Amino acid sequence: MAAKGTHVTTLNRGFALTWLGHGTFRLVTRGAKTVLLDPWVEGNPACPKDQKTFDKIDVMTITHGHGDHMGDAVTLAKKFKPAVISNYEIHQFLSKKGVANTMPMNKGGTVEAAGLKFTMVHALHSSGIEDGGQVVYGGEACGFVITLEDGTRIYHAGDTSAFSDMALIGELYAPDIALLPIGDLFTMSPREAAVAARMLKPKWIVPEHWGTFPALTGTPDMLREELKKQGVAAEVVALRPGETLS
Ligand code: NI
Ligand code: MN
């Protein structure tokens with residue numbers, strides 16, 4: 001299945017990873033499974049209009065409870081009935097809202113869905129869920145390492161600062177591709193992301209959580225400069241919202 005948008009980089013691994021803007025990605029695997037990472041589509045000002053519709057969603061992952069990461073979780077989960085992978089507290093919240101097929105887990109664990117493996121890893125961030133003017137406890141923020149059919153591993157960091165246990169994520173899961181926030185303010189800046197990349201040792205970095213609002217000031221060029229300064233060899237694949245790494 002071909003994803004829409006411009007194909008800017010080809011790795012020839014049979015999958016298509018489309019950035020929907022901010023922290024949201026659509027991943028279509030070699031086995032034609034569709035995974036939606038951090039469902040924020042409708043209210044996402046960076047998401048192109050023609051990317052807001054889906055043929056199907058097999059799996060949905062949620063890194064934390066903030067609206068800019070799970071604002072459309074309930075609506076899309078009810079419509080497409082994917083397996084929804086999150087921490088236990090977000091699972092409880094979604095279940096109460098009538099979402100079926102949730103798969104609660106916690107850090108260090110791995111679950112299988114649609115023939116893919118999802119490992120939950122640490123992130124340093126908060127995770128409150130806004131619900132009708134109240135903040136509901138959303139557990140701890142996390143990241144995911146997704147292992148594709150051919151063994152390719154994609155690390156979705158979610159919202160996080162850099163932390164030294166990223167070296168453990170690198171050692172344990174050796175991600176090929178790292179989706180790293182670089183916008184600063186709520187997450188890592190390009191400098192922190194370059195330090196993160198030194199620990200994670202991915203071949204490719206796709207910057208995320210930048211450019212959505214003027215307050216998110218980090219850019220892929222700044223990341224390239226920091227990587228060079230720190231002697232980190234990873235290649236930056238700077239997608240625009242709607243563009244696909246395939
Ligand atoms: Ni957040
Ligand atoms: Mn965020």
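Any value given below was found using the heavy atoms of this structure, including those in side chains, with hydrogens, waters and symmetry copies removed. Starting from 1, each residue takes its place in the sequence as its number. Not measured: the values here are computed from a predicted model. Every number for a ligand or one of its atoms is a count from 1 in the order of the listing.
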_Taking the ring centre of each residue, are His209 and His69 less than 6.0 Å apart?_
yes
*asked:* Going by the rule ring-ring contact (aromatic ring centres under 6.0 Å, His included), which residues pair with Tyr137 if we only count those two or more places apart in sequence or in a different chain?
replied: none
*Asp68: its N/O/S atom lying closest to the Mn ion (ligand 2) (atom name)*: OD2
_Protein N, O or S atoms under 2.8 Å from the Ni ion (ligand 1)_ = 4
_A side-chain contact here means heavy atoms from C-beta on lying under 4.5 Å apart; do Ile177 and Val206 qualify?_
yes
*asked:* I need the Leu36 CG to Leu20 CG distance, nearest 0.5 Å.
replied: 6.5 Å
*Specify whether an N/O/S atom of His69 falls short of 2.8 Å from the Mn ion (ligand 2).*
yes
*Answer yes or no as to whether an N/O/S atom of His209 is found below 2.8 Å from the Mn ion (ligand 2).*
yes
_Any heavy-atom pair between the side chains of Leu76 and Pro39 that's under 4.5 Å?_
yes
*Can Asp68 and His22 be said to form a side-chain hydrogen bond (donor to acceptor under 3.5 Å, both in side chains), step by step?*
CA-CA 8 Å; Asp68 60 324; His22 207 56; 2.6 Å; yes
_salt bridge (charged side-chain N to carboxylate O under 4.0 Å, His left out) for Asp58 and Lys56? Distances and angles first, verdict last._
CA-CA 6 Å; Asp58 297 294; Lys56 61 166 188 160; 3.0 Å; yes
*Pair Asp38-Thr63, side-chain donor/acceptor within less than 3.5 Å*: yes
*Output the atom name for the N/O/S atom of Asp159 with the smallest distance to the Mn ion (ligand 2).*
OD2
